[in-house]
Amino acid sequence: MSVLEYIILAFALSVPVMLSMRACALQNPVRLTHGLAVSLLIAVVHTLLLLAGLYMGNLLRFNLPEYDSLIYLGLLVAVALRMFFPAFRKKEKELPAYDISRWLTVLLLGLATGTNALFVGLGLGFRVELSTDIWRAAIPMVVVLFLLSYLGIMLGRTRRPVRARRWQLIAVLFLLVFAIKGAFFAS
């Protein structure tokens, strides 16, 4: 897979994290320098989970392209559905907010929000080799997730309104396009 595809994947996985970081910073504002460190920790945790999923997917692969493509597609569609349904919650039901000034909370929040990255990595492991795509997957994930989670912290600190539903639907669309392209149009 190309670097552009991994950038699209990283954007799709980063949008829910951005919205979660915005909700956390809205309730518990932190200094911007602390927000940089929080964003970096979240990005590293998510990238490690993506790479762990890639490794597990490589171990579980059948080496039969038609079956591996179906498992890949199924896992990515499951993650897309998991991201789709929260987009339609009621307006008065906001995202839960956590105190991101504490490092243990940030680490646990990174693990909790990183389950999507783990499942996507597991699906990717059925399609690509970890040894060939480790840097193509890791670098865009760290950079895009760092930037979008920091954007979420800045939006929360300044109390800027966002259209969360629109952001989530764009992320789901990107993830579905990535899944269908990888499953049916892969070389």
Side-chain angles (χ1 to χ4, degrees), residues 1-22 35-58 61 68-69 71-84 86-87 109-156 160 162-187:
M1 297 199 174
S2 71
V3 175
L4 180 63
E5 291 170 325
Y6 282 116
I7 291 171
I8 290 171
L9 175 68
F11 180 78
L13 292 175
S14 299
V15 167
V17 178
M18 178 191 74
L19 297 173
S20 178
M21 287 290 118
R22 180 192 173 276
L36 282 171
V38 166
S39 297
L40 183 64
L41 180 62
I42 293 284
V44 168
V45 167
H46 277 252
T47 304
L48 290 176
L49 286 171
L50 178 77
L51 294 177
L54 264 166
Y55 177 72
M56 287 188 289
N58 282 175
R61 177 190 334 212
D68 291 341
S69 293
I71 293 171
Y72 162 81
L73 183 64
L75 283 169
L76 266 66
V77 167
V79 170
L81 287 174
R82 195 171 161 209
M83 289 168 53
F84 178 74
L109 182 64
L111 290 172
T113 58
T115 55
N116 288 345
L118 180 69
F119 289 134
V120 167
L122 185 62
L124 276 175
F126 282 91
R127 298 286 303 149
V128 298
E129 286 288 331
L130 176 64
S131 60
T132 60
D133 281 17
I134 187 168
W135 297 114
R136 279 187 271 186
I139 292 172
M141 186 70 174
V142 166
V143 171
V144 171
L145 190 64
F146 172 74
L147 292 174
L148 283 182
S149 64
Y150 191 59
L151 175 66
I153 289 173
M154 288 191 298
L155 290 172
R160 299 278 172 126
V162 295
R163 297 177 187 235
R165 182 176 294 163
R166 184 175 296 168
W167 279 95
Q168 286 177 322
L169 292 177
I170 290 171
V172 168
L173 179 69
F174 278 11
L175 190 61
L176 287 175
V177 166
F178 180 80
I180 291 170
K181 191 267 176 205
F184 298 118
F185 303 109
S187 55

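The basis for the numbers below is simple: all heavy atoms, side chains too, and nothing from hydrogens, waters or symmetry mates.
Shortest non-hydrogen contact noted between F11 and W167 is CZ-CZ3, 3.9 Å. P140 approaches V3 most closely through the heavy-atom pair CG-CG1, 4.2 Å. When every heavy atom of A171 is checked against every heavy atom of M83, the shortest pair comes out as CB-CE, 3.7 Å. I153 and S39 make their closest contact through CD1-OG, 3.6 Å (heavy atoms, listed as atom of the first residue, atom of the second, distance). Of all heavy-atom pairs spanning S20 and T113, the tightest one is OG-CG2, 4.3 Å. The heavy-atom pair separating A43 from F146 by the smallest distance is CB-N, 3.8 Å.
Between the Q168 side chain and the R165 main chain, no donor and acceptor come within less than 3.5 Å of each other. For S14 (side chain) and A10 (main-chain N/O), a donor-acceptor pair under 3.5 Å exists by modelled atom type. The backbone N or O of G182 lies less than 3.5 Å from a partner atom in the side chain of R127, making a donor-acceptor pair.
Between L118 and M56, the closest side-chain pair of non-hydrogen atoms falls below 4.5 Å. Side-chain contact between L175 and V79 is present, with at least one heavy-atom pair separated by less than 4.5 Å. Residues L48 and V44 have side chains in contact (heavy-atom distance under 4.5 Å, counting atoms from C-beta outward). In this structure the side chain of L40 never reaches within 4.5 angstrom of the side chain of L36, judged on heavy atoms. Using a 4.5 Å cut-off on side-chain heavy atoms (C-beta onward), V143 and I7 make no contact. Side-chain contact between V17 and L148 is absent, with no heavy atoms from C-beta onward closer than 4.5 Å. In this structure, V38 and S149 have side chains that are not in contact, with every pair of non-hydrogen atoms separated by 4.5 Å or more.
Distance CE/M21 to CG/L109: 4.0 Å, rounded to 0.5 Å. One finds the CG atom of L50 at 10.5 Å from the CG atom of L122 (value rounded to the nearest 0.5 Å). Annotation: the span from N58 atom CG to F126 atom CZ amounts to 9.0 Å, rounded to 0.5 Å. Between atom NE2 of residue H46 and atom CG of residue L41 there is a gap of 9.5 Å, rounded to the nearest 0.5 Å. The line from CG of L76 to NZ of K181 is 13.0 Å long, rounded to the nearest 0.5 Å. Interatomic distance, E5 CD to L124 CG, rounded to the nearest 0.5 Å: 10.0 Å.
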Output, in order, the C-alpha distance, side-chain angles, deciding distance and verdict of side chain to side chain contact (heavy atoms under 4.5 Å, CB included) for L151 and L147.
CA-CA 6 Å; L151 175 66; L147 292 174; over 6 Å; no

Would L176 and F84 count as a side chain to side chain contact (heavy atoms under 4.5 Å, CB included) if you check the C-alpha gap in whole Å, the side-chain angles of each, and the deciding distance to 0.1 Å?
CA-CA 11 Å; L176 287 175; F84 178 74; over 6 Å; no

Side chain to side chain contact (heavy atoms under 4.5 Å, CB included) assessment of L9 paired with Y6
CA-CA 5 Å; L9 175 68; Y6 282 116; 4.2 Å; yes

Given the rule in the side chain to side chain contact (heavy atoms under 4.5 Å, CB included) test, do R136 and V128 qualify, once you have shown the distances and angles that lead to the verdict?
CA-CA 11 Å; R136 279 187 271 186; V128 298; over 6 Å; no

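Other residues, nucleotides and ligands contribute only 12 or fewer heavy atoms inside 6.0 Å of the CZ atom of F119.
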